[in-house]
Amino acid sequence: MQILRTPAERFAGIPDYPFAENWIEIDLGNGMSARQHYLDEGPKDAPPVLLFHGEPSWSYLYRKMIPLLVYAGFRVLAPDLIGFGKSDKPEDPAFYTYARHTAWLKQWRDAVVPQPAGLFCQDWGSLLGLRIVGQEPERFTFVVASNATLPTGGKVSDGFLAWRAFAKSSPDFVIGDILQRATQTELSDAEVAAYNAPFPDEPSKAGARAFPQLVPVEDGMDGIDDNLAAWKGLEAFDRPFLTLFGEDDPVLGMAAPLLSERIAGAKGQPHAMLSKCGHFSQEDRPHELADGIIAMARKAGVLD
């Protein structure tokens, strides 16, 4: 199996993404390693907040939120998951597993920001982030979740089955078009191209095609036992926990109560359903999401 590296020139001229590159070597297992890219903006001694992206996006998704959070006084860290963005990409879809993605993200977190941090997570960023919160709640000062879930099997919707099949085998798997279809805001041609940039060919899309297959939405799937165990810690998480979901997200828009009604720290928080907001809420409502992060950080006492 090859570990692919997207040519740097693919990212030349990307709009509204002036952030410095940062890199770390990740042990993938099986004697292999990969270079992971991440953003690290703001003073190094400021309160850290982690921004975890999902499927099939990358840290470009946070370009509108990062300046707002840095201005508010945060150190903002946004990794590109292995297989996405500027990070290296194993070419075999079967190599990607839920457990491996979790381990790789923990490896990044332990090396880059070992102290407790706030978390914003969306889509697969929540499947990874919320699992880690449940496993290691002492490492997080607050959480804001948007269009997020931590599934443990059950009955899968027809819509998700269609998306899973499309991601697995459709020859028309154009990443930028997928982002546009799941966003209420009209993206410019340059923005659509920025979402396509990490994926110059079919082998580079292995991680993006794999993610929907890994969501443990059906009984007996890998990941259910780990998520059930994580839920015990997540339910007891008593630091500020806020949900800000999109009214126009057909996949997870109605899932907010599954978090807000179960997690201790979510009690009494100003949870909201955001209007004119699709699945990729970071594109549609960045100011409201940033405001939510700032509010939870102040409640947690980590930001003045």
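We use all heavy atoms of the structure for the numbers below, so side chains are in, but hydrogens, waters and symmetry mates are not.
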Exercise. Taking atom NZ of Lys232 as the centre, report whether more than 12 heavy atoms of other residues, nucleotides or ligands fall under 6.0 Å from it.
Key: no
Practice problem: Check side-chain hydrogen bond (donor to acceptor under 3.5 Å, both in side chains) between Ser57 and all other residues, then give those that pass, not counting sequence neighbours. | Solution: none
Quiz item: Donor-acceptor pair, Thr102 side chain versus Tyr98 backbone, under 3.5 Å?
Solution: yes
Quiz item: Of all heavy-atom pairs between Leu150 and Ala230, which one has the smallest distance, and what is that distance?
Solution: CD2-CB, 4.2 Å
Exercise. Could you list the residues that satisfy side chain to side chain contact (heavy atoms under 4.5 Å, CB included) with Arg35, not counting sequence neighbours?
Key: Arg5, Trp23, Glu25, Asp88
Quiz item: Is a salt bridge present between Lys89 and Asp201, judged by a nitrogen-to-oxygen distance below 4.0 Å?
Solution: no
Quiz item: Is there a side-chain contact between Val76 and Leu39, using heavy atoms and a 4.5 Å cut-off?
Solution: no
Quiz item: Heavy-atom count around Asp177 CG within 6.0 Å, excluding the residue itself: above 12?
Solution: yes
Exercise. Check the pair Leu81 / Phe52 against side chain to side chain contact (heavy atoms under 4.5 Å, CB included), numbers first and verdict last.
Key: CA-CA 8 Å; Leu81 300 177; Phe52 289 172; 5.9 Å; no
Quiz item: Between Asn227 and Thr152, does any side-chain donor sit less than 3.5 Å from a side-chain acceptor?
Solution: no
Quiz item: Between Arg239 (side chain) and Gly118 (backbone), is there a donor-acceptor pair under 3.5 Å?
Solution: no
Quiz item: Judged by atom type as modelled, is there a donor-acceptor pair below 3.5 Å linking the side chain of Gln282 to the main-chain atoms of Met65?
Solution: no
Exercise. Look at atom NZ of Lys155 and say whether more than 12 heavy atoms of other residues, nucleotides or ligands are closer to it than 6.0 Å.
Key: no
Quiz item: Where the side chain of His287 meets the backbone of Leu68, is there a donor-acceptor pair that is under 3.5 Å apart?
Solution: no
Practice problem: Treat each ILVMFWY residue as a node, draw an edge where side-chain heavy atoms are under 4.5 Å apart, and state whether Met32 and Ile26 are in one component. | Solution: yes
Quiz item: Which heavy atom of Pro43 sits nearest a heavy atom of Phe74, and at what distance?
Solution: CD-O, 4.0 Å
Self-check item: Greater than 12 external heavy atoms within 6.0 Å of Gln2's CD
Solution: no
Quiz item: With sequence neighbours left out, what residues match Glu247 under side-chain hydrogen bond (donor to acceptor under 3.5 Å, both in side chains)?
Solution: none
Quiz item: Can you pull the ring pair (Phe, Tyr, Trp, His ring centres under 6.0 Å) pairs that have at least one residue in residues 199-219, sequence neighbours excluded?
Solution: Phe84-Phe211, His101-Phe211, Trp124-Phe211
Self-check item: CD1 on Ile66 to CG on Leu51, rounded to 0.5 Å
Solution: 6.0 Å
Practice problem: For the pair Asp248 (side chain) and Cys277 (backbone), establish whether a donor and an acceptor sit closer than 3.5 Å, ignoring hydrogens and angles. | Solution: yes
Exercise. Look only at the side chain of Asn22 and the backbone of Tyr38, and say whether a donor-acceptor pair between them is shorter than 3.5 Å.
Key: yes
Quiz prompt | Residues Ser281 and Ser146: side-chain donor-acceptor under 3.5 angstrom | solution = yes
Practice problem: Would you please name every residue forming a salt bridge (Lys or Arg N to Asp or Glu O under 4.0 Å) with Glu261, sequence neighbours left out? | Solution: none
Practice problem: Could you pull out the closest heavy-atom pair between Pro216 and Ile224, with the gap in Å? | Solution: CB-CG1, 3.7 Å
Practice problem: Give the minimum heavy-atom separation between Ser59 and Ala78, together with the two atoms involved. | Solution: CB-O, 3.9 Å
Quiz item: Same cluster or not: are Val251 and Val217 linked, directly or through other Ile, Leu, Val, Met, Phe, Trp or Tyr residues, by side-chain heavy atoms under 4.5 angstrom apart?
Solution: no
Quiz item: So, Ser126 side chain and Thr149 main chain: donor-acceptor pair closer than 3.5 Å or not?
Solution: yes
Self-check item: Among Tyr60, Phe19, Trp58, Tyr17, the one residue meeting ring pair (Phe, Tyr, Trp, His ring centres under 6.0 Å) with Phe11
Solution: Trp58
Quiz item: Hey, is CZ on Phe166 packed in by over 12 heavy atoms from elsewhere, all under 6.0 Å?
Solution: yes
Quiz item: If you measure only the distance, is there a donor-acceptor pair under 3.5 Å linking the side chains of Glu41 and Tyr62?
Solution: no
Quiz item: Considering all heavy atoms of both residues, which atom of Ile82 and which atom of Pro90 are nearest to each other, and what is their separation?
Solution: CG2-CD, 3.7 Å
Quiz item: Is a side-chain N or O of Arg10 found less than 3.5 angstrom from the main chain of Asn196, in a donor-acceptor match?
Solution: yes
Quiz item: Same hydrophobic cluster for Leu69 and Tyr71, using side-chain heavy-atom links shorter than 4.5 Å among ILVMFWY?
Solution: no
Self-check item: Within 45° cone and under 6.0 Å: Arg100 NZ/CZ vs Phe95 ring
Solution: yes
Quiz item: Below 4.5 Å, heavy atoms only, C-beta onward: do Arg63 and Glu283 meet side chain to side chain?
Solution: yes
Self-check item: With His279, the side-chain hydrogen bond (donor to acceptor under 3.5 Å, both in side chains) member among Asn147, Asp284, Asp123, Thr183
Solution: Asp123
Self-check item: Non-neighbouring partners of Pro240 that pass side chain to side chain contact (heavy atoms under 4.5 Å, CB included), sequence neighbours left out
Solution: Phe142, Gln269, Met296, Lys299, Ala300
Quiz item: For Ile178 and Phe280, which heavy atoms make the closest approach, and how far apart are they?
Solution: O-CE1, 4.4 Å
Practice problem: Using modelled atom types only, decide if a donor and an acceptor are shared between the side chain of Asp219 and the backbone of Gly154 within a distance under 3.5 Å. | Solution: yes
Quiz item: Under a 4.0 Å N-O cut-off, is there an ion pair linking Arg209 with Glu55?
Solution: no
Quiz item: Would you call Asp40 and Arg75 a salt bridge, using N to O less than 4.0 angstrom?
Solution: yes
Exercise. Determine whether Ile132 and Arg109 make a side-chain contact, defined as any pair of heavy atoms from C-beta on separated by less than 4.5 Å.
Key: yes
